[in-house]
Amino acid sequence: MLPSPFQRLSCGAFFCRDDLLSCSHEEAAPPRLNRFSPQAKEYCQMKREKIKDILGRQVAGGGLTAAGWVRSARLSPNVAFIDLTDGSTAGGLQIVLSPETKNFELMERVHTGCSVLVEGELVDSPGKGQKYELQATSLALLGEADPEQYPIQKKKHTMEFLRTKAHLRVRTNTFAAVFRLRSHLSQGIHHFFRNRGFFYVHAPLITTSDCEGAGQMFQVKAPGEQEFFGKPAWLTVSGQLEAELLALGLGEVYTFGPTFRAENSNTPRHLSEFWMVEPEMAFYELSDNMDLAEEFIKSLLSYMLNNDLEDLEFMQRWYRKGLLEQLEKIIERPFERLSYTEATKQLSASGKNFEFPTEWGNDIQTEHERYLSEEKVGGPVIIHDYPAKIKPFYMRLGDDGQTVGAMDVLLPGIGEIIGGSQREERYDVLLARIRKQGLDEAAYQWFLDTRRFGTVPHSGFGLGLERMLLFLSGMANIRDVIPFPRTPGNAEF
RNA sequence: UCCCCAGUAGCUCAGUCGGUAGAGCAGGUGGCUGUUAACCACCGUGUCCCUGGUUCGAGUCCGGGCUGGGGAGCCA
């Protein structure tokens with residue numbers, strides 16, 4: 001464990017060891033208090049309380065200790081204010097200091113970005129904008145932030161600028177809210193599947209199956225000439241194939257983890273490293289798959305409204321008007337379902353002057369998706385049963401011999417959020433499709449084995465975590481809903 | 001990868017006809033008993049993205065490049 005200048009006492013308060021701050025690692029000596037907090041001993045009277053809990057109190061009154069980062073500070077001779085946040089909640093705690101506050105003079109060094117520890121009494125706030133405020137009895141400055149150098153100012157910054165400060169942007173209201181939403185969304189995913197008896201399985205991230213169906217892959221190499229795994233290996237683009245193996249034994253499973261695409265995609269909706277949820281279910285046909293996908297999205301939105309309404313309200317206020325209403329509408333209404341064939345007919349009949357052709361056999365383009373989900377339906381749309389020739393080998397061939405049991409869920413403003421299919425469970429048909437698409441059947445022997453031995457109908461889909469988060473946060477760029485985005489030419493932090 | 005747009009102070013931007021740059025915010029100093037985008041006064045701030053060219057003279061015009069953004073493709 002690294003020596004830290006900050007030590008946490010059993011009471012929960014912090015103090016600073018200046019022997020560690022000055023890097024003279026004296027042993028055994030009783031820890032001396034840091035110059036910023038000569039009175040820190042007294043903070044051991046009380047445990048530090050999270051601002052979320054403080055603001056959630058039924059009534060004011062009583063002493064407490066709060067610690068966090070200064071969002072803004074205002075100082076006059078006889079009164080000073082700190083807007084304090086500790087990440088626990090969207091709101092800040094209003095700290096009021098007076099010359100009677102111990103170490104009031106430290107306020108001259110308290111600026112946006114500083115970390116402080118404050119002891120005081122919680123009172124009803126006479127000011128506007130907050131219910132409670134903390135009347136500080138003492139102040140400790142844990143970490144200064146030179147206002148001439150600290151890049152985050154108490155004003156609006158552009159997302160582009162904050163992206164270059166990804167190590168500090170979590171200290172803004174927006175990014176703290178987004179990352180709390182991200183955490184809740186992840187929890188909501190596990191919640192949904194656990195309630196339905198699905199098992200959480202872990203697919204490998206390193207794979208030796210070239211061509212998992214989706215685009216370019218990152219190659220994995222160890223130092224030296226030899227192939228570390230005995231053959232070329234790559235980072236996975238999907239856990240689907242392995243999830244299928246596990247579903248054909250466990251019944252209903254899901255993976256949830258990072259996945260990697262080496263595509264040179266430069267858009268607000270693509271990452272080189274992103275997180276994907278991939279349920280895979282035995283004994284599910286395509287309609288069951290679509291039912292599950294619809295329930296899944298609705299359940300996630302409900303979960304978020306029930307568990308992190310505050311951050312959603314923040315995002316609605318600053319980033320997307322009408323966000324909550326939009327989410328509630330989606331929960332209430334059935335998703336529109338359209339076969340690919342019907343969809344192309346509607347596109348052709350729309351009277352729109354599309355750039356790309358809408359004849360049967362062509363892929364659905366972004367402009368088509370937007371028309372269907374934003375104009376025609378005005379809500380989520382599921383397109384199913386696509387032409388076989390534009391879809392991968394593992395999708396189940398329909399009785400017509402022309403279509404496969406694929407389905408995409410489109411969300412307004414986002415486009416494709418889910419892609420899935422019923423899997424081809426018939427050995428002969430699957431083998432024929434592998435051969436037809438020019439793939440190496442030997443590399444898929446283990447995959448084919450599941451169809452040779454005890455095969456059953458099964459289905460699954462993949463949902464992009466960041467796209468879901470984009471949708472429910474109202475953020476515009478996918479690079480702003482993952483803490484440290486990886487995109488072509490960019491892997492800082 | 002293709003198309004379009006942008007790059008000027010710490011941040012957001014303006015900069016006219018080619019004549020060597022200036023606003024707001026942030027910051028500093030002083031003032032102010034309650035602010036919450038605080039307020040009032042004063043102060044400072046520049047590789048005008050890089051590179052080559054045209055010109056007496058380039059932030060401004062032209063070529064090449066880099067970075068960022070938007071759109072498209074690929075996809076989740």
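Chain naming here is simple, since letters A, B, ... match the order of the sequence lines and numbering starts at 1 in each.
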Look at the side chain of [X] and decide which nucleotide, out of [options], has an atom nearest to it.
X        : options             : result
A:Pro147 : B:G73, B:U36, B:G28 : B:G28
A:Phe81  : B:C11, B:G28, B:U35 : B:U35
A:Arg261 : B:A76, B:U36, B:G24 : B:A76

Side-chain donor/acceptor of [X] to base of [N], under 3.5 Å:
X        : N     : result
A:Asn266 : B:U1  : yes
A:Glu148 : B:G10 : no
A:Gln135 : B:G34 : yes
A:Glu133 : B:G34 : yes
A:Ser265 : B:C75 : no
A:Arg74  : B:C32 : no

Measuring to OP1 and OP2 of [N], would you say a side-chain N or O of [X] lies under 4.0 angstrom away?
X        : N     : value
A:Lys154 : B:A38 : yes
A:Arg467 : B:C75 : no
A:Thr366 : B:G73 : yes
A:His368 : B:A72 : no

For the pair A:Arg433 (side chain) and A:Pro392 (backbone), establish whether a donor and an acceptor sit closer than 3.5 Å, ignoring hydrogens and angles.
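Flag set: sc A:Arg433 to bb A:Pro392 pair under 3.5 Å.
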So, does A:Asn307 use its side chain to make a donor-acceptor pair with the main chain of A:Met304 at under 3.5 Å?
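Here the side-chain-to-backbone pair does not exist.
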Pairing residues for [X] by the side chain to side chain donor-acceptor pair (under 3.5 Å) criterion, not counting sequence neighbours:
X        : value
A:Thr172 : none
A:Arg57  : A:Glu49
A:His191 : A:Asn195
A:Glu295 : A:Arg196

Please give, in whole Å, the distance from [N] [atom2] to [X] [atom1]?
X        : N     : atom1 : atom2 : result
A:Leu185 : B:A76 : CG    : P     : 18 Å
A:Ile478 : B:G69 : CD1   : C1'   : 16 Å
A:Asn78  : B:C39 : CG    : P     : 20 Å
A:Met107 : B:G34 : CE    : C1'   : 13 Å

Integer angstrom distance from the [atom1] of [N] to that of [M]:
N     : M     : atom1 : answer
B:C74 : B:C2  : C1'   : 13 Å
B:G19 : B:G59 : C1'   : 12 Å
B:C11 : B:C50 : P     : 15 Å
B:C48 : B:A14 : C1'   : 13 Å
B:G69 : B:U12 : C1'   : 15 Å

Going by purine N1 to pyrimidine N3 plus the second Watson-Crick contact, or the G-U wobble pair, all under 3.5 Å, which nucleotide sits opposite [N]?
N     : answer
B:U67 : B:A6
B:G73 : none
B:U45 : none
B:G22 : B:C13
B:G34 : none

Reckon [X] touches a base, only the sugar-phosphate, or nothing at all at heavy-atom distances under 4.0 Å?
X        : answer
A:Glu466 : nothing
A:Arg370 : nothing
A:Gln365 : sugar-phosphate
A:Asp83  : nothing
A:Leu93  : nothing
A:Gly462 : sugar-phosphate
A:Pro126 : base
A:Ile418 : sugar-phosphate

Between A:Arg337 and A:Asp291, does any side-chain N to carboxylate O distance fall below 4.0 Å?
yes
For A:Phe274 and B:A76, is the gap between ring centres under 5.5 Å while the planes differ by less than 30°?
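Stack criterion met.
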Residue whose closest nucleotide on RNA chain B lies nearer the 5' end, A:Glu355 versus A:Pro488:
A:Pro488
By nearest nucleotide on RNA chain B, pick out whichever of A:Leu75 and A:Met276 is the more 5' one.
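Its nucleotide being nearer the 5' end, the pick is A:Leu75.
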What class does the angle between the rings of A:Phe193 and A:Phe198 fall in, given that below 30° is parallel, 30 to 60° is tilted and above 60° is perpendicular?
tilted
Between A:Phe296 and A:Phe192, what is the ring plane arrangement, given parallel below 30°, perpendicular above 60°, and tilted in between?
tilted
So ring pair (Phe, Tyr, Trp, His ring centres under 6.0 Å) across residues 468-493 of chain A, not counting sequence neighbours, yields A:His167-A:Phe493
Under a 4.0 Å heavy-atom cut-off, which of residues 157-178 of chain A touch RNA chain B?
A:His157, A:Thr158, A:Glu160, A:Phe161, A:Arg163
